[in-house]
Amino acid sequence: MNGILERLRSIVSERFVKDDVYTRHAYSRNVDPVLQGVPDYVVRPRDAREVSEVMKLANELDVPVTVRGGGDCEFGGSKPVGDGGILIDMKRMDGVINIDQDNLVATVEAGISWGKLNEQLSRLGFYTGCMGPGSGMTASVGGGISHHSVGGGGCARYGACTNGLVGLEVVLPTGEIIETGSRANKHAAAPFNRFGNGPDLAGLFCGDNGILGVKTKVSLRVYPRPPCAAYKTFVMGRKSAEAAASIFAAIRHKGIDVYDAMYIMDLVVLVGSEKGLYPLWESLKKKRGIFFYTVEANSDAELDAKVKQLDDVVLTQKCEALGQEIADGNYAKWHYVEQGGWQTYHNLWGIERGGYEPLTAECFVPASKFPAILEDLDAWDGEHVQDIETILKTCGTRPVTGSGPVLLVDGCNVELTCGFTTFNAYFNGSYHPEVAEANLRLWKSILERVTSHGAQWYMMGDITSRLMVDIGAYAPGYLAALRAVKDCLDPRHVLGRGKFNFWGVPGR
Ligand SMILES: Cc1cc2nc3c(=O)[nH]c(=O)nc-3n(C[C@H](O)[C@H](O)[C@H](O)COP(=O)(O)OP(=O)(O)OC[C@H]3O[C@@H](n4cnc5c(N)ncnc54)[C@H](O)[C@@H]3O)c2cc1C
């Protein structure tokens, strides 16, 4: 095809370009079992210059390009939308470039994982505050910034990982390389601040789901990790979702400092304990909702004061504290001390027989709204009995509808991970088209239902970005402005073609 293979090889060398069937199919999926798109070429560039040359070639030949970090997107974002095109794998660019200990800024290559970065920072007594997503052992910093990720720890205190962003180096879809923030001034030797020198261009690329540019370098704030921390886990009473919403609100309204605050609904505690997902809670007599918090401080006295404030709020909601040790069920301690934040969600994939997976709807909503959404999901489940029965009949396990952990994030908002469990259509050695069709129907339906509650999606990938357009959920002015930005930066829509239904402009 237009000598593209040879030209890609001349840019990144023969070793780092693949077009064999095995490699192309290995890059054709993310973690969801439903969406697939097989690229024609997989390239692994070493630096921004090589990325830039690949983008220029893609423009010249009008070939779509998809960027992939860790490939952990749950919504089909890091594989092509439809078949074909070039896939850029960023994981070769995984170095720490500089840790500016005076200004507390770390600059890294965008393909580095949150785990690797924080491992290096921890040796100096620092961390990234928000520890990225729950997939942070493998997910990349560039992927997290492209998603506004949260969930790996620290987001009640530090917000989403984009809150700590200082600056970016970005290869624009047409191949130009820019830097944002303080580095927009060519005399600034190193990134030190995000805002200034004009509008916040870094913000344009935060949460863009890989459609406006390829992030090649990321500068993040780093923070000294405080020496003292406390972690407590509570079993809740009945109506635990409402109680958790009240606790989240009280924490914010009283201005109480907290590192993480999380609610896990009763159904998940019950089913998760039965399936071995939560061994810590197997012996709990009452499988009710669970609430936990972690809090940090610079001295024991400060810590005691913060713990008292938090306990006052939590204990007014009929919560009962579990023991201090992990073996006592203290999930909060495991989450903080043993980096459970980067492990907890992994168990959701494959906890049952092969191919068991969640299809999720992950979004930000006001804390006061999430109990009503969970209640509506129960109603949604009852309305979709036919498709649910189809999955049960073929796979032998009834899908469970509900929510994973609910996390306090910025302001009075929570991250809501809801959805349903299902099985891959490749089940027990054969393909079941009826399961594939039911999965897709149910997934689109639940995404539409949650959208109707006014949810704010942060990880949109292939499915949610297009669904928002298809169901007319975008305010027209917003979508038109986004489209104008896309047309301006990427006239042929080569980057992430198809996401948000940006399919290219004919004739350009
Ligand atoms: C077990 C598990 C737990 C998870 N927990 C969480 C969680 O707690 N919170 C959360 O937010 N998400 C979570 N996720 C989803 C996902 O892992 C994260 O959103 C993560 O930040 C994605 O990073 P990645 O490097 O894997 O990105 P990818 O999946 O490779 O890419 C994500 C998107 O960003 C784009 N992209 C990637 N790198 C770049 C780049 N350098 N430049 C431009 N665009 C780029 C891609 O095109 C794609 O659209 C979880 C996933 C799994 C499997």
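Just so you know, ligand 1 is whichever comes first in the structure, and atom 1 is the first atom listed for that ligand.
Pairs passing the side chain to side chain donor-acceptor pair (under 3.5 Å) check and including a residue from residues 405-419, sequence neighbours excluded, read N163-D410, E415-Y458. Among residue pairs with one or both ends in residues 44-87, those qualifying as ring pair (Phe, Tyr, Trp, His ring centres under 6.0 Å) are F75-W443; sequence neighbours excluded.
Aromatic ring centroids of F248 and Y263 lie 6.0 Å or more apart.
Of all non-hydrogen atoms in C418 and L377, the two that sit nearest each other are CB-CD1, 3.4 Å.
Relative to the six-membered ring of F205, R194 misses at least one condition, a distance below 6.0 Å or an angle of at most 45° to the axis.
Residues meeting the salt bridge (Lys or Arg N to Asp or Glu O under 4.0 Å) test with K79, sequence neighbours left out: D462.
Closer than 4.0 angstrom to ligand 1 sit non-hydrogen atoms from V31, V67, R68, G69, G70, G71, D72, C73, E74, G77, S78, M90, A110, P133, G134, S135, A139, S140, G142, G143, G144, S146, H147, S149, V150, G151, N209, G210, G213, V214, K215, Y345, H346, W349, E415, Y458, M459, K499.
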